[in-house]
Amino acid sequence: MNQEIKNKIANWLLNPDNPIDNKEELPNKLKKEGLENIFNEIELPLVDVLRSMEELGIKINKNEVKKLLTKYNKELKVLEKKIYKEAGEEFNINSPQQLSKILFEKLDIEPRGRATKSGLHSTRAEKLQELKEEHSIINLIIKYRESFKIKSTYLEPLFKLGDRVHTTFLQTSTATGRLSSQNPNLQNIPSVVKKVFIASSGYELVSLDYSQIELRILAGLSNDPKMLKAFKADQDIHRLTASQVFDIPLDKVTSEERNMAKTLNFGIVYGMGAVAFARSSGLSRKEARHFIEEYFSDFKKIKKWQEEVKERARKNGYVENLNGRKRWLPAITSTNKFLSSEAERAAINMPIQSLAADIIKLAMIKVHQQYKNDDVRLLLSIHDELLFEIKSDKVNSVVKKITQIMESVYNFPVHLKVDVSVGKNWADL
DNA sequence: AGGAATAGCCC
DNA sequence: GTACGGGCTATTCCTA
């Protein structure tokens, strides 16, 4: 294999901030840092898998792209006209600067909160959402932005490409070991655009995704008894959290309460604070703080695990996952509170996110070596999901085997459950 | 031409 | 007064 690629990966694993030119030194360095296994068993075998995925590409229905493009163009024209009429003049809706002046100066809409450092008020969708009742132009702007995004970022670039779309996977671009995808990025396709991605004729598109993998990893790493028990019984984890935090029986949890618990569960993985939880749940800050405290008193081991991770990060200057993958976080001892807190949140998340990344990479490698014929094509990897094209008459048997591979590829105390869906296009899945 | 700022899509 | 982890891309606008 190309030495350049090896060096790049080695440096990425070691410490991306201080790359080493001397390639004779790298193998010893890897060994010394405990990264030999990840290098040899994960990253190097993955290179060929990624190359194969990139070469295969994924089929798109160009007619469907064209149809959507026409639809969105028409819609945008109508919205544009209505917006100009409401504003009383024509302006560039895509310019936050001009839009801000129209909304908050000309139309005299009262902004919530303070201006940004440029002196103008933000026009982010999240802020506009709060001003919906103030003026009928707001909803039009929100819709315009959504449609323009779909058209300019997804539909137009796709239309310029061939019948099969070939992304480039970046193996060394993330701090946690995840893959990224560029040119085009096929890891952030909106649900409305997914329907243009289709199976080759004679094949089905099949998606296999790890169910709640990050929360399962959190349960396993923290050894929290309630969470472990819930996953063992294959319970609805968000329902359990709601029942614990709001102190109500499992069968009395409303969908609203379950949603809040879901936000809380994900927020915990990301190190979310009370302010962010309040904002995303609609609770007051006081209530939000109360429920976060409640969460940590119900799941005591999670709090303990997080504190241990932060402590180790401060001591070592890096965090690592179960496989020894490292992330350096020098800012964690900064006297700047913002910087140290930011590093703490990254520290808490890294052992979880990076282990999930390792697991799906191992699964990709194993599946790829299992299927050398053309009946099974691994097309995309989207963090916790693998997207395949599988010969129609082979789907049932193959899916069983791949599920088995994905669920057993990594030995972990919590069952890693895989969900499957099959269809003719990506939106069906 | 290139980068910062702003915005928004995904897991 | 305020701070949710990890990515990529498009547009505007300012600076060199």
Side-chain angles (χ1 to χ4, degrees), chain A residues 91-100 113-114 116-129 141-142 144-158 167-170 172-194 207 209-215 217-218 263-281 285 288-289 292 306 309 319 327 329 336-357 360 380-387 426:
Chain A
F91 65 103
N92 186 348
I93 307 167
N94 290 318
S95 163
Q97 229 173 85
Q98 293 181 38
L99 178 62
S100 184
R114 292 202 328 264
T116 60
K117 53 193 161 204
S118 62
L120 293 165
H121 286 275
S122 169
T123 64
R124 299 209 316 271
E126 186 199 324
K127 298 279 174 192
L128 293 183
Q129 210 65 37
I141 302 280
I142 293 172
Y144 178 92
R145 284 251 184 85
E146 279 171 7
S147 295
F148 193 88
K149 179 76 179 180
I150 300 295
K151 168 188 135 104
S152 68
T153 306
Y154 301 100
L155 296 176
E156 283 178 343
L158 281 178
T167 186
T168 301
F169 286 104
L170 303 188
T172 59
S173 76
T174 69
T176 56
R178 272 189 177 184
L179 296 169
S180 73
S181 154
Q182 74 173 189
N183 211 348
N185 182 357
L186 296 183
Q187 289 179 322
N188 73 343
I189 301 299
S191 47
V192 288
V193 181
K194 282 189 175 168
S207 160
D209 68 284
Y210 282 107
S211 162
Q212 313 280 20
I213 188 166
E214 295 198 334
L215 289 173
I217 288 174
L218 174 61
T263 305
L264 202 43
N265 274 328
F266 285 117
I268 295 301
V269 173
Y270 301 151
M272 180 175 66
V275 177
F277 180 48
R279 190 152 38 104
S280 48
S281 63
R285 284 182 193 185
R289 202 176 318 117
I292 290 176
Q306 291 189 338
V309 170
V319 268
R327 175 173 182 181
L329 290 166
N336 178 328
K337 192 73 196 300
F338 179 84
L339 293 179
S340 63
S341 300
E342 192 178 45
E344 284 183 359
R345 295 193 295 272
I348 284 171
N349 179 258
M350 188 276 179
I352 301 170
Q353 189 183 123
S354 72
L355 187 61
I360 201 161
L380 295 178
S381 171
I382 309 107
H383 312 306
D384 62 354
E385 170 187 12
L386 295 180
L387 191 67
W426 200 359

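Throughout, a chain's letter reflects where its sequence line sits, starting with A, and its residues are numbered from 1.
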Checklist entry - Across the strands shown, which category fits A/Arg327 at heavy-atom distances under 4.0 angstrom: base, sugar-phosphate, nothing? => result sugar-phosphate
Checklist entry - Does A/Pro190 have any side chain to side chain contact (heavy atoms under 4.5 Å, CB included) partners at least two apart in sequence or in another chain, and if so, which? => result A/Ile150, A/Tyr154, A/Val192, A/Val193
Item to check | Check: A/Thr263/A/Ser281 side-chain N/O donor and acceptor closer than 3.5 Å | outcome: no
Checklist entry - Can you tell me how far P in B/dT6 sits from the matching atom in C/dA3, rounded to whole Å? => result 14 Å
Checklist entry - ring pair (Phe, Tyr, Trp, His ring centres under 6.0 Å) with A/Tyr210: which residues, sequence neighbours excluded? => result none
Checklist entry - Yes or no on side chain to side chain donor-acceptor pair (under 3.5 Å) for A/Arg145 and A/Thr123, after CA distance, side-chain angles and deciding distance? => result CA-CA 11 Å; A/Arg145 284 251 184 85; A/Thr123 64; 2.7 Å; yes
Checklist entry - Where the side chain of A/Thr174 meets the backbone of A/Leu179, is there a donor-acceptor pair that is under 3.5 Å apart? => result no
Item to check | A/Ser354 side-chain N/O to A/Gly177 backbone N/O, donor-acceptor pair under 3.5 Å | outcome: no
Next on the checklist: Taking any heavy-atom pair under 4.0 Å as a contact, classify A/Ala357: base, sugar-phosphate, or nothing.
Outcome noted: nothing
Next on the checklist: Within the 4.0 Å heavy-atom criterion, would you say A/Ile348 contacts the bases, only the backbone, or no part of the nucleic acid?
Outcome noted: nothing
Next on the checklist: Generate the contact string for nucleotides 3-11 of chain B. Rules: B means base contact, S means sugar-phosphate contact only, - means no protein heavy atom under 4.0 Å.
Outcome noted: ---SSBBSB
Checklist entry - What is the nucleic acid contact for A/Glu214, judged by heavy atoms within less than 4.0 Å: base, sugar-phosphate only, or nothing? => result nothing
Item to check | Counterpart residues, side chain to side chain contact (heavy atoms under 4.5 Å, CB included), relative to A/Glu342 (two or more places apart) | outcome: A/Phe338, A/Leu339, A/Arg345
Item to check | Range on DNA chain C touched by chain A, heavy atoms, distance below 4.0 Å | outcome: C/dG1 to C/dC14
Checklist entry - What residues form a side chain to side chain contact (heavy atoms under 4.5 Å, CB included) with A/Phe91, not counting sequence neighbours? => result A/Ile83, A/Tyr84, A/Ala87, A/Ile93, A/Gln98, A/Leu99, A/Ile102
Checklist entry - How would you label the contact of A/Phe277 with the nucleic acid (heavy atoms, under 4.0 Å): base, sugar-phosphate, or nothing? => result nothing
Item to check | Touch class at under 4.0 angstrom, heavy-atom based, for A/Ser341 against every strand present | outcome: base
